[in-house]
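Here's the structure, in structure tokens; my notes come after.
Everything numeric here is computed off the predicted structure, so don't read it as measured data.
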Amino acid sequence: MTGEVRYCEKCSYFFLKFSLIGYATIFWLIGGFILAIGIYAEVERQRYKTLEGVFLAPAIILIVLGIIMFIVSFIGVLASLRDNLCLLKVFLYMLALCLVLELVGGIVALIFKNQTVDILNKNIRKGMVNYYDDLDFKNIMDFVQKTFKCCGGTEYQDWEVNMYHNCSAPGPLACAAPYTCCIVTPGEVVNTMCGYKTLNKDRHENTDVIYIRGCTDAVFIWLIDNYKTMAGLLLGIFLPQFFGVIFTWLYITRVEDAIEEYGYYMDGLLQSDSVQPETKRQSKLAKCCKCMPLMD
């Protein structure tokens, strides 16, 4: 080569290097934070003997997400510091794989919408069976029912799967919906027994007492109504990964250019052709951490 740069000539070696280091470090710290929260939540979940199940245990989801982010980002930090082409390519492929899997998963979920909804409702009913035993699920379900003004999975009568709310149960909750299903006016004191004997009534009899719409439909309707918010959220998830792939790819090509031209890592792509490789030496910082290019 004669100093030719394959892509993005205006992006210097140093700009790409420190941008990639900063990018990977930020997500490394975020991954570690998520992992710490997940471990703490899982310890509390085991402590209170809540329900075992990946879908119904947010702590497990946080731990898996945290581990993936932590490992992938750590590889990115190490690769960008040491200019290790092998690790840089691993980081690039892992980022691209995560991005592709997310996109494919979203597309598949949309194509097979009915099957996705069925799986979602099935898992919601599993959680409703153990509603009072699984504190994680209980808090999530209460929040969803109050926020989206809904009740149950597909409909309010789903609550019959719970042993306390089943109409054949002997207790005061028999045939009753949880109080988070009740229609409450602002400022009104909540009556925890407001859903008494509502599960065995027709929908038109409960329209003024509890929310009769299922939470699955309520959430999907909210997503459609707030498509701009969802679009912004999806862009916030996908764009950082996309830019990470682009920056890593450009940095790999820049390092490969330097290796091909000079035989070692250096910011020679913007140097004059009159500067000979033999006159280069390592800076003190490069000797210390072995993560910087050779300098004059």
Side-chain angles (χ1 to χ4, degrees), residues 41 44-45 48-51 53-59 61-62 109-110 113-234:
E44 291 297 306
R45 190 173 76 92
Y48 290 102
K49 303 295 182 181
T50 55
L51 183 66
V54 174
F55 182 87
L56 302 175
I61 298 174
L62 289 176
L110 289 175
K113 179 182 176 182
N114 293 333
Q115 290 84 345
T116 303
V117 172
D118 289 341
I119 293 173
L120 184 60
N121 284 327
K122 181 180 178 181
N123 282 278
I124 290 175
R125 281 193 292 271
K126 285 183 180 179
M128 292 168 69
V129 170
N130 299 276
Y131 176 71
Y132 292 103
D133 300 319
D134 182 7
L135 298 179
D136 287 337
F137 179 82
K138 183 180 185 301
N139 291 332
I140 293 174
M141 194 67 188
D142 287 342
F143 172 79
V144 170
Q145 290 186 147
K146 288 189 291 186
T147 303
F148 296 96
K149 298 180 179 181
C150 57
C151 188
T154 55
E155 60 177 355
Y156 65 96
Q157 291 179 335
D158 286 348
W159 279 106
E160 285 202 60
V161 299
N162 184 274
M163 60 182 295
Y164 299 105
H165 292 278
N166 190 280
C167 290
S168 61
L173 294 177
C175 245
Y179 74 93
T180 51
C181 288
C182 294
I183 300 174
V184 181
T185 57
E188 180 183 353
V189 177
V190 178
N191 175 14
T192 56
M193 294 302 297
C194 57
Y196 183 70
K197 297 296 182 182
T198 54
L199 298 186
N200 59 353
K201 294 181 180 179
D202 294 332
R203 298 172 67 91
H204 69 274
E205 296 180 83
N206 290 325
T207 52
D208 297 328
V209 182
I210 62 172
Y211 302 115
I212 58 176
R213 182 173 59 183
C215 289
T216 305
D217 291 337
V219 171
F220 276 113
I221 290 172
W222 183 89
L223 293 177
I224 294 172
D225 291 341
N226 296 271
Y227 65 93
K228 292 183 179 179
T229 302
M230 288 308 302
L233 180 61
L234 291 175

Could you state the interatomic distance from OH (Y164) to CG (N166), rounded to the nearest 0.5 Å? 12.5 Å
Which atom pair, heavy atoms only, marks the closest approach of R203 to E155? NH1-OE1, 3.9 Å
SG-SG under 2.5 Å, C151 vs C215: no
Closest non-hydrogen contact found for N162 with M128 is ND2-O, 2.8 Å
Please examine the side chains of V209 and K201, heavy atoms only from C-beta on, and report whether any two atoms are closer than 4.5 Å. no
Nearest-0.5 Å distance, OG1 of residue T198 to CH2 of residue W159: 11.5 Å
Between N191 and Y179, which heavy-atom pair has the shortest distance, and what is it? O-CB, 3.9 Å
Out of curiosity, R125 CZ to L120 CG, how far, rounded to the nearest 0.5 Å? 10.0 Å
Spacing of CG belonging to N206 relative to CG belonging to L199, to within rounding of 0.5 Å: 8.0 Å
Closest non-hydrogen atom pair, Q145 against P178: NE2-CB, 4.5 Å
From CD1 (I221) to OG1 (T216), nearest 0.5 Å: 10.5 Å
Using a strict SG to SG cutoff of under 2.5 Å, would you count C181 and C150 as disulfide-linked? no
Other residues, nucleotides and ligands only: do more than 12 of their heavy atoms fall within 6.0 Å of CG on D225? yes
Indicate the atoms forming the closest heavy-atom contact of A218 with F148, along with that distance. CB-O, 3.9 Å
Near Y132 OH, under 6.0 Å, is it more than 12 heavy atoms from other residues, nucleotides or ligands? yes
Quick one: CE on M230 to CG on L233, what's the gap to the nearest 0.5 Å? 5.0 Å
Side chain of T180, backbone of K146: donor and acceptor closer than 3.5 Å? no
Got V117 and F220 here, is their nearest side-chain heavy-atom distance under 4.5 Å? yes
Going by the rule salt bridge (charged side-chain N to carboxylate O under 4.0 Å, His left out), which residues pair with D142 if we only count those two or more places apart in sequence or in a different chain? K138
Could you tell me which non-hydrogen atom of I183 sits nearest to which non-hydrogen atom of T207, and how far apart they are? CD1-O, 3.1 Å
Do other residues, nucleotides or ligands put more than 12 heavy atoms under 6.0 Å from the NZ atom of K197? yes
Could you tell me whether the side chain of I124 reaches within less than 4.5 Å of the side chain of M141, counting heavy atoms only? yes
